[in-house]
Amino acid sequence: MKQIHLYIFGIGNVGSTLINQVLQSHSFFKNKHNLDLKIIGLANSKRVLIDPNGMTQKWKEDFSSISIVRESDSFYKVANLYDVTKIAIDATASKELSQHYPELLDHNFNIITANKIANTLSQSFYDVIRTALKNKGLQFEYETNVGAGLPIINAVRDLYNSGEQLFAINGVFSGSLSYIFNRFSEENKPFSEIVIDALKDGYTEPDPREDLSGNDVARKLLVLAREAGLKLEFDDIEIDNLVIPSLRTASLNQFLDQVTLLDEVLQEKKDALASDQVLRHLGELDVVNGVLKVSLKAVPKSSPAGQLKGSDGFFEIYSESYASHPLVIKGAGAGREVTARGLLSDIIKVSKTCKEVLVAG
Ligand SMILES: NC(=O)C1=CN([C@@H]2O[C@H](COP(=O)(O)OP(=O)(O)OC[C@H]3O[C@@H](n4cnc5c(N)ncnc54)[C@H](O)[C@@H]3O)[C@@H](O)[C@H]2O)C=CC1
Ligand SMILES: N[C@@H](CC=O)C(=O)O
C-alpha cells in the first residue's frame with residue numbers, strides 16, 4: 001500500500017469539499033489504486049490542524065477546537081518526520097502562498113493547485129518552479145486552473161507535447177462569468193443580484209472583482225499560452241474590465257455594499273442587444289501571433305457560446321489536426337464539487353506516478 005500524506009491550504013468552498021471527497025473515497029482508493037491517502041495537515045491563513053493519523057469526518061469540529069496558531073514551518077516540522085510522498089494542495093487564492101511554492105519544493109512537497117497565481121506571476125518565477133521540479137523529481141499539477149474539473153490543460157499539454165502546432169484557443173473561459181451572464185441574459189434581474197448569488201453559491205473568486213475585472217480569465221489564458229510554449233507576461237494581455245473605476249480599489253466589503261453601482265452600465269449593454277443576441281464573456285488566445293484578449297461581446301443566441309447554460313465553460317481548440325473543426329470541450333466550468341473533484345483527480349495522478357514508498361498493511 002502506497003502511503004500519501006496530504007497537506008491542504010485553504011478550507012473554503014473548494015478546500016472543504018475536497019476534504020470530504022477524500023474521506024468519502026478513502027476505501028475506494030485503497031482497493032482500486034492501492035493508495036492510502038491521509039490528510040495530515042489543514043491550514044487557513046492563521047491556524048493549522050495537524051494529525052499524523054489523518055483527519056476524520058469531524059475535521060471541522062477539530063479545526064475549531066484544537067487547531068493551533070500557524071507558523072511558517074508548521075507543516076515542514078511534521079512532514080520531515082515521515083518518509084512518504086507528500087502533496088501540498090493549494091485551495092486558496094493567495095499570492096503570498098504562491099510565492100512560497102519554491103520553498104515547498106525545497107521541502108520535497110509535490111504541489112497541486114487550484115490557485116492560478118503561481119502560474120501567472122513573471123515568466124522567470126514560472127521557470128524557477130519548473131527548474132526546481134526537474135532538479136527534485138517532484139510533480140506540480142494544476143488542471144483546475146482552467147475550466148475547474150474540465151480536462152483543458154491536459155488536452156493542450158498532450159497536443160503540444162506530441163508536436164502538434166496549436167493555432168488558437170477561444171471560448172468562454174470563466175465558469176463564474178458564464179453563470180452570471182447566462183442568468184443576466186435570461187432573467188429580468190439586476191446584474192448585482194446575480195453577482196451576489198454567484199458569490200454565495202461558490203461560483204466566483206473569493207473577490208468577484210477578480211472575475212469581473214477580466215483578470216481571472218486573463219490568468220487562464222496565460223496558463224494555457226505558457227502550456228503551449230509561449231513566453232508571455234500578464235501585462236501582455238488585452239483585458240476588458242467590467243468593474244467601474246470607483247469600485248476597483250475599494251475593500252471587498254465596500255465593493256459588496258456598492259455592487260449595485262455596476263447595474264446601470266451592464267443594463268445599458270443588455271438593452272443595446274438585438275433580439276437574437278446575448279452577452280457572453282469571451283477569451284481569445286491566438287497562439288500563432290501570441291495575442292491574448294478578454295472581452296464581453298454580443299453573440300447570436302444560436303451560436304455555441306450563446307447556447308451555454310448554468311456555469312458552463314466552453315473551449316474551442318484549433319490546431320494542425322483540428323484546423324477547420326476545433327476540438328471542443330464544454331461543461332461546468334466552476335463550482336466547489338467539480339473543482340474539488342478536479343483536484344482529487346490530480347492527487348490520484350501524482351500519487352500513482354510518484355516514487356513508491358511501501359508500507360505494510
Ligand atoms: N470556486 C470555484 O468554482 C473554483 C475555484 N478555483 C480556485 O480555487 C481557489 C479557492 O477558491 P474557493 O474555495 O472558491 O475560495 P474560498 O474563498 O471559499 O476559500 C479560500 C480559502 O483560503 C483561505 N486562505 C487565504 N489565504 C490563505 C493562506 N495563505 N493559507 C491558507 N488558507 C488561506 C481563505 O481564508 C479561504 O477560506 C481559488 O484560487 C479559485 O480560483 C478554481 C476553479 C474553480
Ligand atoms: N473564477 C473561476 C472559478 C474559480 O476559479 C471561473 O470563472 O472559472
Side-chain angles (χ1 to χ4, degrees), residues 7-21 41-49 60 63 67 69-72 74-75 88-101 103-104 111-120 141-150 152-153 171-182 195 198-221 223-224 242 252 280-283 294 308 310-315 331-346:
Y7 293 81
I8 302 180
F9 293 89
I11 48 176
N13 286 310
V14 174
S16 56
T17 308
L18 173 66
I19 298 164
N20 294 331
Q21 288 182 358
L42 296 178
N44 66 17
S45 48
K46 299 203 171 67
R47 302 186 71 79
V48 288
L49 175 66
K60 235 180 217 169
F63 197 91
S67 62
V69 171
R70 178 172 163 188
E71 286 168 12
S72 56
S74 297
F75 280 171
I89 295 130
D90 181 355
T92 77
S94 162
K95 179 174 178 184
E96 193 238 328
L97 179 60
S98 305
Q99 288 165 327
H100 280 86
Y101 285 10
E103 187 183 289
L104 282 164
I111 303 175
I112 290 172
T113 187
N115 180 358
K116 301 157 202 94
I117 308 274
N119 276 327
T120 55
E141 292 295 338
Y142 41 87
E143 182 56 75
T144 52
N145 274 192
V146 182
L150 297 176
I152 313 297
I153 293 181
V172 173
F173 284 64
S174 167
S176 322
L177 294 171
S178 185
Y179 173 95
I180 289 170
F181 283 105
N182 295 349
V195 171
L199 172 65
K200 283 193 188 137
D201 290 342
Y203 288 114
T204 67
E205 292 302 304
D207 182 338
R209 281 174 299 182
E210 285 303 302
D211 295 302
L212 298 168
S213 63
N215 286 346
D216 188 66
V217 171
R219 288 193 187 104
K220 292 176 210 237
L221 288 174
V223 171
L224 290 181
L242 300 180
L252 176 57
R280 290 294 182 262
H281 195 272
L282 303 177
V294 178
L308 294 180
S311 65
D312 276 358
F314 171 69
F315 301 82
R336 36 176 92 94
E337 298 287 338
V338 287
T339 309
R341 191 64 69 185
L343 283 172
L344 193 39
S345 164
D346 276 347

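The chain is numbered in sequence order, starting from 1. Atoms within each ligand, like the ligands themselves, are counted from 1 in listed order.
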Task: Heavy-atom proximity to atom 1 (N) of ligand 2, best of D211, L177, V172 - done: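 Checking each option, the heavy atom nearest atom 1 (N) of ligand 2 is found in D211.
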Got an N/O contact under 3.5 Å between [X] and ligand 1?
X: T144; result: no
X: G202; result: yes
X: V14; result: yes
X: L97; result: no
X: E205; result: yes

Task: ligand 2 atoms in contact with G333 (distance to a heavy atom under 4.0 Å) - done: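 Taking each heavy atom of G333 in turn, ligand 2 has 8 (O) under 4.0 Å.
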Open item on the list: Please list, in number order, the atoms of ligand 2 under 4.0 Å from a heavy atom of D216.
Closed with: 1 (N), 2 (C), 6 (C), 7 (O)
Task: Short side-chain to backbone donor-acceptor contact, E143 and G342, under 3.5 Å - done: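 No, E143 side chain to G342 backbone: no donor-acceptor pair under 3.5 Å.
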Task: S311 side chain vs G175 backbone, donor-acceptor pair below 3.5 Å - done: no
TODO: Check whether any heavy atom of E210 sits under 4.0 Å from an atom of ligand 2.
DONE: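 No.
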Open item on the list: Between ligand 2 and A148, can you find any atom pair, the residue atom being a heavy atom, that is separated by under 4.0 Å?
Closed with: no
Where is the nearest protein heavy atom to [atom]: which residue, which atom, and how far?
atom: atom 4 (C) of ligand 2; answer: E205 OE2, 2.9 Å
atom: atom 3 (C) of ligand 2; answer: S176 OG, 3.4 Å
atom: atom 6 (C) of ligand 2; answer: K220 NZ, 2.9 Å

- [ ] For the residue pair I152 and K220, establish whether any side-chain heavy-atom pair is separated by less than 4.5 Å.
- [x]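 No, side chains not in contact.
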- [ ] Taking the side chain as every heavy atom from C-beta outward, state whether V195 and T204 have any pair of such atoms under 4.5 Å apart.
- [x] no
- [ ] Look up atom 35 (O) of ligand 1 and tell me if a protein heavy atom lies less than 4.0 Å from it?
- [x]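 It does not: no protein heavy atom is found less than 4.0 Å away from atom 35 (O) of ligand 1.
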TODO: May I ask whether atom 40 (C) of ligand 1 is less than 4.0 Å from at least one protein heavy atom?
DONE: yes
If you measure from each non-hydrogen atom of [X] to ligand 1, which part falls under 4.0 Å: side chain, backbone, both or neither?
X: T339; result: side chain
X: A43; result: backbone
X: A334; result: both

TODO: Answer yes or no for G175: is there a heavy-atom contact with ligand 1 below 4.0 Å?
DONE: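 The answer is no: ligand 1 sits nowhere under 4.0 Å from a heavy atom of G175.
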Open item on the list: In this structure, does ligand 1 have an atom that sits under 4.0 Å from one of the heavy atoms of R70?
Closed with: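 Right, R70 reaches ligand 1.
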Open item on the list: Checking R47 against S67: is there a side-chain donor and acceptor pair closer than 3.5 Å?
Closed with: yes
- [ ] Kindly assign one of parallel, tilted or perpendicular to the pair Y179 and Y203, based on the angle between their ring planes and the thresholds 30° and 60°.
- [x] parallel
Open item on the list: Taking 4.0 angstrom as the limit and counting only heavy atoms of A93, give me the atoms of ligand 1 inside it, by number and element.
Closed with: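 Under 4.0 Å from A93, ligand 1 has these atoms: 38 (C), 39 (O).
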Task: Residue G335 vicinity, atoms of ligand 1 by number, heavy atom under 4.0 Å - done: 2 (C), 3 (O)
Open item on the list: Check this for me, if you would: do K116 and E205 make a salt bridge, where the nitrogen-to-carboxylate-oxygen distance has to be below 4.0 angstrom?
Closed with: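 Looking at E205 together with K116, the answer is yes, because their closest N to O distance falls below 4.0 Å.
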